[in-house]
Amino acid sequence: MTAHPDRTDESGGAVAGSAEHWLLAALDAKDRDAARTRWRTGECVLMPLGRLFSAVRLPQELVLGHIGSQWDPAAADQIVAQAFDGGPVICDPCRIARWYALVPAATAVWHTDHDDWRAAGVFTLGLGNYISVPPVDATSYDPRTEAPYWSMPVTLPGALCEPGHVDRLITTTPDRLARAAQS
């Protein structure tokens, strides 16, 4: 996936094509200014799923199983970046860490009954669900706040995780995933 920095105008506002602008499009127009304000103060914004994107919730055990049993945010972020080929992923490290891979909106519909995913503690979240989205510049773990952050940030508006890459992380053992990433 090609990296594309978030672009802003002279006043710091999002311009068309930027990651922030694209994320805000998931909200009703009347809620966008309040969301921008929350992000500028470092707060997360509750966003509806199933409009522009859905999410696949990955449990701590699954992600940490690919790096060992120790909590190591940098190592987990590296695994996520490799597995999802740079697709956007939010980590919520509070209490029990969870990762949310942002996927095309229809993914939640056609993966709802995926037995391999359910058995691994993975859930698809679409219409009727919400996700806490951190500011686009919150891209690293902060042990003081344990606030959600972008384990892998949005780099291009509309560029999401491929459902096949998500499935591969869920159904592949760590050694096979490493070999697949090398090939």
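Remember, it's a predicted structure, so these values are computed and weren't measured experimentally.
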Chemist: For this output row, return yes or no: ring centroids of Tyr100 and Trp150 closer than 6.0 angstrom.
Modeler: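 Between Tyr100 and Trp150, the centre distance exceeds or equals 6.0 Å.
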
Chemist: Drop me the distance from Phe84's CZ to Arg168's CZ, to the nearest 0.5 angstrom.
Modeler: 9.0 Å

Chemist: Would you check, one step at a time, whether the test side-chain contact (heavy atoms from CB on, under 4.5 Å) holds for Glu20 with Leu24?
Modeler: CA-CA 6 Å; Glu20 181 179 286; Leu24 289 169; 4.0 Å; yes

Chemist: Is the closest side-chain heavy-atom distance between Glu162 and Asp85 below 4.5 Å?
Modeler: no

Chemist: Before giving the answer on side-chain contact (heavy atoms from CB on, under 4.5 Å), spell out for Ile90 and Tyr149 the whole-Å C-alpha distance, their side-chain angles and the decisive distance to 0.1 Å.
Modeler: CA-CA 6 Å; Ile90 296 170; Tyr149 69 96; over 6 Å; no

Chemist: Between atom OG of Ser18 and atom CG of Leu23, what is the distance when rounded to the nearest 0.5 Å?
Modeler: 8.5 Å

Chemist: Would you mind listing every ring pair (Phe, Tyr, Trp, His ring centres under 6.0 Å) that reaches into residues 30-62, with sequence neighbours excluded?
Modeler: Trp22-Phe53

Chemist: Looking only at non-hydrogen atoms, find the nearest pair between Val45 and Ala35 and report the distance.
Modeler: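 So the minimum-distance heavy-atom pair works out to CG2-O, 3.6 Å.
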
Chemist: May I ask whether Trp71 and Leu58 are part of the same hydrophobic cluster, defined by side-chain heavy atoms of I, L, V, M, F, W, Y residues being less than 4.5 angstrom apart, directly or through others?
Modeler: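 Yes; tracing contacts between hydrophobic side chains, which count when under 4.5 Å, links both residues.
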
Chemist: Can you name the closest pair of heavy atoms from Cys161 and Pro88 and give their distance?
Modeler: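 That closest heavy-atom pairing would be SG-O, 3.3 Å.
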
Chemist: Just so I know, are the side chains of Leu102 and Ile131 near enough to count as touching, which here means a heavy-atom distance under 4.5 Å?
Modeler: yes

Chemist: Assess the residue pair Glu43 and Thr41 against the criterion (side-chain hydrogen bond (donor to acceptor under 3.5 Å, both in side chains)); give the C-alpha distance rounded to whole Å, side-chain angles, the decisive distance to 0.1 Å, and a yes or no.
Modeler: CA-CA 6 Å; Glu43 297 176 62; Thr41 61; 2.9 Å; yes

Chemist: Measure from the side-chain N and O atoms of Asp28 to the backbone N and O of Lys30, and report whether any donor-acceptor pair falls under 3.5 Å.
Modeler: no

Chemist: First locate atom CE of Met47, then atom CG of Asn129, and finally report the distance between them rounded to the nearest 0.5 Å.
Modeler: 15.0 Å

Chemist: Just by modelled atom types, is the Leu169 backbone N or O under 3.5 Å from a matching donor or acceptor in the His66 side chain?
Modeler: yes

Chemist: Check whether any side-chain heavy atom of Val136 lies under 4.5 Å from a side-chain heavy atom of Val154, and answer yes or no.
Modeler: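 Val136 does not reach Val154 side chain to side chain.
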
Chemist: Please round to the nearest 0.5 Å and tell me the distance separating atom CG of Asp137 and atom CZ of Arg40.
Modeler: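 Output value for this atom pair is 10.5 Å.
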
Chemist: Would you check if the side chain of Gln60 reaches a backbone N or O of Ala97 as a donor-acceptor pair within less than 3.5 Å?
Modeler: yes

Chemist: Can you give me the closest heavy-atom contact between Ala147 and Pro93, atom names plus distance?
Modeler: O-CD, 3.5 Å

Chemist: Between Pro134 and Ser132, which heavy-atom pair has the shortest distance, and what is it?
Modeler: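 That closest heavy-atom pairing would be CD-O, 3.6 Å.
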
Chemist: Could you tell me the separation between the OG atom of Ser151 and the CG atom of Asp77, rounded to the nearest 0.5 Å?
Modeler: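 If we round to the nearest 0.5 Å, Ser151:OG and Asp77:CG are 3.0 Å apart.
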
Chemist: Restricting to non-hydrogen atoms, name the atom on Ala76 and the atom on Val63 that form the minimum distance, rounded to 0.1 Å.
Modeler: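 It is CB-CG1, 3.9 Å.
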
Chemist: For residues Arg57 and Leu125, report the shortest heavy-atom separation together with the two atoms involved.
Modeler: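 Distance-wise, the nearest heavy atoms are CB-CD1, 4.2 Å.
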
Chemist: Apply side-chain contact (heavy atoms from CB on, under 4.5 Å) to Leu49 and Leu127, showing your working.
Modeler: CA-CA 5 Å; Leu49 294 170; Leu127 281 174; over 6 Å; no

Chemist: Verify salt bridge (Lys or Arg N to Asp or Glu O under 4.0 Å) between Arg38 and Asp33, making sure each step is shown before the conclusion.
Modeler: CA-CA 9 Å; Arg38 290 182 67 91; Asp33 286 338; over 6 Å; no

Chemist: Heavy-atom distance under 4.5 Å between the side chains of Ser54 and Thr124, does that happen here?
Modeler: no

